[in-house]
Asker: 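Sending over a structure as structure tokens; questions will come in a sec.
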Amino acid sequence: MKVLVAVKRVVDYNVKVRAKADGSDVDLNNVKMAINPFCEIAVEEAVRLKEAGVATEVIAVSVGEKSCQEQIRTAMALGADRGIQVETDAGVEPLVVAKLLKGVVDKEQPQLVILGKQSIDGDNNQTGQMLGALANMAQGTFASEVVVDGDKVNVTREVDGGLQTVSLNLPAIVTTDLRLNEPRYASLPNIMKAKKKQLDVYSPADLGVEVTSHLTQVKVEPPAERKAGVKVADVDELIDKLKNEAKVIS
Amino acid sequence: MSTLVIAEHDNGSLKGATLNTVAAAQAMGADIDILVAGANCGSVAEAAAAVAGVGKVLVADNAAYEHQLAENVSLLIAEVGAGYDNIVAPATPNCKNFMPRVAALLDVAQISEITSVESADTFQRPIYAGNVIATVQSSDAKKVITVRTTAYDAAPAEGGSATIEALDAVHDAGISSFVGEEVAVSDRPELTAAAVVISGGRGMQNGENFKLLDGIADKLGAAIGASRAAVDAGFVPNDMQVGQTGKIVAPDLYIAVGISGAIQHLAGMKDSKVIVAINKDEDAPIFQVADYGLVADLFDALPELEAKL
Ligand SMILES: Cc1cc2nc3c(=O)[nH]c(=O)nc-3n(C[C@H](O)[C@H](O)[C@H](O)COP(=O)(O)OP(=O)(O)OC[C@H]3O[C@@H](n4cnc5c(N)ncnc54)[C@H](O)[C@@H]3O)c2cc1C
Ligand SMILES: Nc1ncnc2c1ncn2[C@@H]1O[C@H](COP(=O)(O)O)[C@@H](O)[C@H]1O
């Protein structure tokens with residue numbers, strides 16, 4: 001079975017992103033970019049399915065500017081067989097990404113599509129579910145375990161209070177949570193090999209999708225700053241402060 | 001203008017997150033109805049009807065909705081929501097699962113985790129782990145929105161007298177089914193609603209040591225949380241994770257024990273009223289957001305704190 005994995009190019013998770021002083025946008029000058037951590041987990045899961053003989057081919061897809069080919073190459077270095085870039089401007093909304101991914105799904109007919117649960121830049125947590133609705137596929141979001149079983153897949157999900165397991169008809173959507181697996185590192189030979197793997201580029205028009213915009217970013221600003229606190233000398237002083245200064249305990 | 005609020009519940013009781021969401025819906029200035037989708041969920045509908053400021057409670061009571069399977073519930077909400085200007089739900093794991101499906105079915109954007117309503121079409125929401133607050137304006141006629149519940153005080157649970165209307169629409173997409181769940185029951189307050197939260201990190205060293213937090217939590221009526229590192233290491237279950245990709249909390253008092261203060265953890269707790277950090281490394285970033293920092297070995301500080309409270 002074919003597995004499609006969606007990978008997004010985002011600011012590296014170690015970077016503390018700030019709003020520009022004029023509030024027009026975030027300042028992404030010279031910051032390190034990387035594959036979204038949840039997408040890395042998605043790639044790892046797909047590659048493990050291939051290593052287990054469940055998947056036959058793993059295709060990594062990214063929607064964005066040409067620079068996102070770097071993240072597709074990363075996915076291929078981790079074991080994806082080939083890549084697809086859907087070329088758009090940066091900042092395409094999740095609904096449109098989902099429509100473009102639906103276009104790729106129609107072309108490739110994968111049995112499983114694995115996405116991250118959330119991009120760490122926009123913190124949307126939407127695309128996988130939207131793709132599910134557009135493609136009329138079942139979804140296992142926030143997955144911590146994925147077991148393919150014939151024409152079904154069992155997904156264990158991180159939910160309020162613990163874990164829930166659902167059984168989904170294939171083809172299906174999975175979105176990854178942090179505990180699904182621990183991604184491997186790409187080896188140097190695999191990074192070299194990835195450079196030679198096939199990478200196709202489509203335009204939204206190739207997929208029959210119109211890029212629309214539903215939201216406008218009016219401004220961005222820093223969150224309310226916390227005022228600097230104090231260090232207390234010992235437990236007694238801590239209790240005293242909480243009781244008599246902050247008045248949060250009695 | 002009209003707003004449909006999606007109830008968060010477990011078929012037995014209405015969850016507090018619904019009340020915060022009603023408060024956000026009130027800020028939108030529209031008439032509010034509540035949709036309860038579940039099975040044998042009559043008591044939830046009654047609780048929803050008692051919430052102040054609600055006009056009508058719509059109940060879809062059917063086995064297809066028992067486990068809130070996204071494939072089924074989204075079809076129902078998209079159908080019922082067709083008559084409303086706003087469809088609003090709390091940003092709980094459950095509603096995050098199906099709301100984007102609703103938006104896609106209606107061909108509109110979803111606006112995730114709003115923290116403020118600026119006008120009928122303009123909202124604020126944190127992005128980049130809460131390091132930036134974005135103001136976004138929607139051009140969609142119908143708005144699908146999830147609400148960060150910590151940004152709103154709960155609407156009063158009593159005082160309303162909404163009418164209850166049963167819906168017969170049954171949507172069973174037939175492509176997914178519930179297999180089972182492992183849900184921990186706890187006597188402690190819910191993490192996202194507790195007035196006091198005490199969280200442990202990697203510094204706790206193992207799950208057994210989380211017992212050191214129990215006695216303090218008992219005395220303070222606190223919920224217990226954790227960092228990702230503590231969850232990944234298997235010290236405690238996943239639903240205790242506080243942070244950008246876990247639960248967002250904003251209690252009156254947050255006590256971080258053996259937690260370094262990574263951006264992703266701060267994203268989940270930095271709107272707490274008072275923050276206490278206990279860490280043996282005086283340079284730990286958590287101290288930059290802590291109102292009161294105690295540089296100490298947690299294995300000394302916790303027993304002493306419990307004894308002296
Ligand atoms: C995509 C992504 C999402 C993430 N989401 C989240 C999230 O939602 N929530 C989250 O928490 N993290 C999240 N993280 C992880 C985050 O980056 C940090 O790795 C994590 O928060 C670290 O946890 P920690 O502070 O417990 O561990 P560490 O950073 O290892 O810190 C342990 C601390 O304990 C202190 N300590 C050790 N022993 C003692 C002692 N005896 N007494 C006192 N202090 C002691 C140390 O000084 C240290 O400061 C995410 C990361 C990624 C990439
Ligand atoms: N531009 C994109 N290209 C490829 N995949 C994406 C893109 N945007 C989002 N995704 C996928 O959808 C997941 C969730 O993203 P989001 O809905 O933006 O939080 C990501 O982890 C990716 O797997």
Side-chain angles (χ1 to χ4, degrees), chain A residues 11 13 16-19 26 93-95 98 117-118 120-126 129-130 132-134 137-139 141-142 144 154 158-169 178-179 214-223 226 229-232 235-236 238-239 241-242 246 248-249, chain B residues 70-71 74 92-94 96-97 100-101 103-105 108-110 112-113 122 126-140 175-184 220 228 232 237-239 244-245 252-253 263 270 274 276 289-295 301 304-305 308-309:
Chain A
V11 171
Y13 76 95
K16 184 166 178 191
V17 173
R18 288 171 203 283
V26 293
E93 295 171 15
L95 179 64
K117 85 162 175 183
Q118 179 173 338
I120 61 162
D121 50 3
D123 286 332
N124 302 307
N125 197 329
Q126 300 177 6
Q129 297 91 313
M130 287 181 158
L134 297 174
M137 286 190 214
Q139 68 185 40
T141 53
F142 326 149
S144 68
N154 281 333
E158 295 198 359
V159 296
D160 246 344
L163 298 170
Q164 177 197 63
T165 304
V166 289
S167 167
L168 315 174
N169 289 4
L178 296 166
R179 262 69 62 179
H214 303 248
L215 300 172
T216 317
Q217 184 171 291
V218 179
K219 63 169 183 195
V220 296
E221 59 199 302
R226 291 193 76 91
V230 296
K231 292 251 170 73
V232 293
V235 169
D236 291 318
L238 176 62
I239 294 177
K241 294 274 189 198
L242 292 176
V248 283
I249 63 173
Chain B
E71 298 76 12
S74 58
T92 53
N94 179 44
K96 284 176 177 177
N97 185 37
R101 272 186 100 103
L105 289 169
V108 299
Q110 171 175 300
S112 297
E113 303 228 11
T122 305
I127 55 175
Y128 289 96
N131 285 310
V132 177
I133 308 296
T135 303
V136 294
Q137 184 170 25
S138 163
S139 59
D140 287 320
I175 50 178
S176 59
S177 58
F178 171 82
V179 176
E181 63 191 354
E182 270 172 58
V183 172
L220 296 176
R228 174 190 172 183
D232 283 5
N238 59 269
D239 66 314
Q244 179 188 15
T245 60
D252 294 336
L253 173 60
I263 301 173
K270 72 179 163 47
V274 175
V276 170
V289 300
D291 300 284
Y292 304 110
L294 176 61
V295 180
E304 187 183 344
L305 184 59
K308 290 183 171 166
L309 275 173

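Naming: A, B, ... by sequence-line order, numbering from 1 per chain. Remember, it's a predicted structure, so these values are computed and weren't measured experimentally.
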Asker: Is it the side chain or the backbone of A:P94 that comes within 4.5 Å of chain B heavy atoms, both, or neither?
Answerer: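 Answer is neither: A:P94 stays 4.5 Å or more from chain B.
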
Asker: Could you tell me which of A:S167, A:G229, A:G162 has the largest number of non-hydrogen atom pairs under 4.5 Å with chain B?
Answerer: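 Between A:S167, A:G229, A:G162, the count favours A:S167.
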
Asker: Pick whichever of A:K117, A:M130, A:Q126, A:K219 has the most heavy-atom pairs under 4.5 Å with chain B.
Answerer: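 The residue among A:K117, A:M130, A:Q126, A:K219 with the greatest pair count is A:Q126.
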
Asker: Is B:L305 in contact with chain A via its backbone, its side chain, both, or neither, using a 4.5 Å heavy-atom distance?
Answerer: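 B:L305 touches chain A through backbone and side-chain heavy atoms alike.
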
Asker: Can you tell me which of B:I175, B:V289, B:V179 forms the most heavy-atom pairs within a distance under 4.5 Å of chain A?
Answerer: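 Greatest number of close heavy-atom pairs with chain A: B:I175.
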
Asker: For B:L294, which atoms come within 4.5 Å of any heavy atom of chain A: side chain, backbone, both, or neither?
Answerer: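 Contact with chain A: backbone and side chain both.
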
Asker: What part of B:S74 gets within 4.5 angstrom of chain A, counting heavy atoms only: side chain, backbone, both, or neither?
Answerer: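 The answer is neither part of B:S74.
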
Asker: Given heavy-atom pairs under 4.5 angstrom as the criterion, report whether the side chain, backbone, both or neither of B:Q110 touches chain A.
Answerer: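 Interface part for B:Q110: both.
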
Asker: Which residue out of A:L238, A:T141, A:T216 racks up the most heavy-atom pairs below 4.5 Å with chain B?
Answerer: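 Winner by heavy-atom pair count: A:T216.
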
Asker: Relative to chain A, which segment of B:A134 carries a heavy atom at a distance below 4.5 Å: side chain, backbone, both, or neither?
Answerer: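 Both backbone and side chain of B:A134 come within 4.5 Å of chain A.
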
Asker: Are any of the side-chain heavy atoms of B:D232 and A:R179 separated by less than 4.5 Å?
Answerer: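 Yes; the side chains approach each other to less than 4.5 Å.
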
Asker: Taking atom CD of B:E182 as the centre, report whether more than 12 heavy atoms of other residues, nucleotides or ligands fall under 6.0 Å from it.
Answerer: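 Atom CD in B:E182 is not packed in, count stays at 12 or less.
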
Asker: Please state whether the side chain, the backbone, both or neither of A:Q139 comes within less than 4.5 Å of a heavy atom of chain B.
Answerer: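 A:Q139 touches chain B through backbone and side-chain heavy atoms alike.
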
Asker: Quick check: does any side chain N or O of B:K270 sit under 3.5 Å from a backbone N or O of B:G130, one acting as donor and the other as acceptor?
Answerer: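 Between the backbone of B:G130 and the side chain of B:K270 there is a qualifying donor-acceptor contact (under 3.5 Å).
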
Asker: Of the backbone (N, CA, C, O) and the side chain (C-beta and beyond), which part of A:V26 lies under 4.5 Å from a heavy atom of chain B, both, or neither?
Answerer: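 For A:V26, the side chain is the part near chain B, not the backbone.
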
Asker: Hey, which of B:V183, B:N238, B:V136 has the most heavy atom pairs under 4.5 Å with chain A?
Answerer: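 Between B:V183, B:N238, B:V136, the count favours B:N238.
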
Asker: Please name the pair of heavy atoms, one in A:P223 and one in B:N131, separated by the smallest distance, quoted to 0.1 Å.
Answerer: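 Looking at all heavy atoms of both residues, the closest pair is CD-O, 3.1 Å.
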
Asker: Heavy-atom distance under 4.5 Å to chain B: side chain of A:L178, backbone, both or neither?
Answerer: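 For A:L178, backbone and side chain are both near chain B.
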
Asker: I'd like to verify something: which residue of A:E93, A:Q217, A:M137, A:R18 has the highest number of heavy-atom pairs under 4.5 Å with chain B?
Answerer: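 Top count of heavy-atom pairs under 4.5 Å with chain B: A:M137.
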
Asker: CD of B:Q137 to NE2 of A:H214: how many Å apart, nearest 0.5 Å?
Answerer: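 Answer rounded to 0.5 Å: 14.5 Å.
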
Asker: So, for B:I263 and B:A129, which heavy atoms are closest and what is the spacing to 0.1 Å?
Answerer: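 In terms of heavy atoms, the two residues are closest at CG2-CB, 3.9 Å.
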
Asker: With side chains defined as the heavy atoms from C-beta onward, is the minimum distance between A:L95 and B:V108 less than 4.5 Å?
Answerer: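 The answer is no, as the side chains (C-beta and beyond) never meet within the 4.5 Å cut-off.
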
Asker: Just by distance, do the side chain of B:D252 and the backbone of A:V248 share a donor-acceptor pair under 3.5 Å?
Answerer: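 Between the backbone of A:V248 and the side chain of B:D252 there is no qualifying donor-acceptor contact (under 3.5 Å).
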
Asker: Hey, mind stepping through B:V276 and A:K241 against side chain to side chain contact (heavy atoms under 4.5 Å, CB included) and telling me if it holds?
Answerer: CA-CA 11 Å; B:V276 170; A:K241 294 274 189 198; over 6 Å; no

Asker: Go through B:A109, B:G180, B:S176 and name the one with the most non-hydrogen pairs under 4.5 angstrom from chain A.
Answerer: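 Among the listed options, the one with the most contacts to chain A is B:G180.
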
Asker: Can you say whether B:N94 sits under 4.5 Å from chain A via the side chain, the backbone, both, or neither, judging by heavy atoms?
Answerer: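 No part of it gets close to chain A.
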
Asker: Mark yes when over 12 heavy atoms from residues, nucleotides or ligands other than B:K308 sit less than 6.0 Å from its NZ; otherwise mark no.
Answerer: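 Above 12, so yes.
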
Asker: Looking at A:V166, A:L134, A:N125, A:V11, which one has more heavy-atom pairs under 4.5 Å with chain B than the rest?
Answerer: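 Most heavy-atom pairs under 4.5 Å with chain B: A:V166.
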
Asker: Just so I understand: if I count every heavy-atom pair under 4.5 Å between each of B:L309, B:T92, B:N97 and chain A, which residue has the most?
Answerer: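 Looking at each of B:L309, B:T92, B:N97 in turn, B:N97 comes out on top.
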
Asker: For residues A:I120 and B:Q244, report the shortest heavy-atom separation together with the two atoms involved.
Answerer: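 In this case the closest contact between A:I120 and B:Q244 is O-NE2, 3.4 Å.
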
Asker: Is any side-chain heavy atom of A:D123 closer than 4.5 Å to one of B:E113?
Answerer: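 No, their side chains stay 4.5 Å or more apart.
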
Asker: Any idea which of A:N154, A:I249, A:I239 has the most non-hydrogen atom pairs under 4.5 angstrom with chain B?
Answerer: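 Highest number of pairs under 4.5 Å: A:I239.
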
Asker: Where does A:A246 contact chain B at under 4.5 Å (heavy atoms): side chain, backbone, both or neither?
Answerer: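 For A:A246, the contact with chain B is made by backbone and side chain together.
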
Asker: Could you have a look at B:L105, B:T245, B:L220 and say which one has the most heavy-atom pairs with chain A under 4.5 angstrom?
Answerer: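 Result: the option with the highest number of such pairs is B:T245.
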
Asker: Just how far is it from atom NZ of B:K96 to atom CD of A:Q129, taken to the nearest 0.5 Å?
Answerer: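 B:K96 NZ to A:Q129 CD: 10.0 Å, rounded to 0.5 Å.
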
Asker: Give, as side chain, backbone, both or neither, the part of A:R226 having an atom under 4.5 angstrom from any heavy atom of chain B.
Answerer: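 For A:R226, the contact with chain B is made by the side chain alone.
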
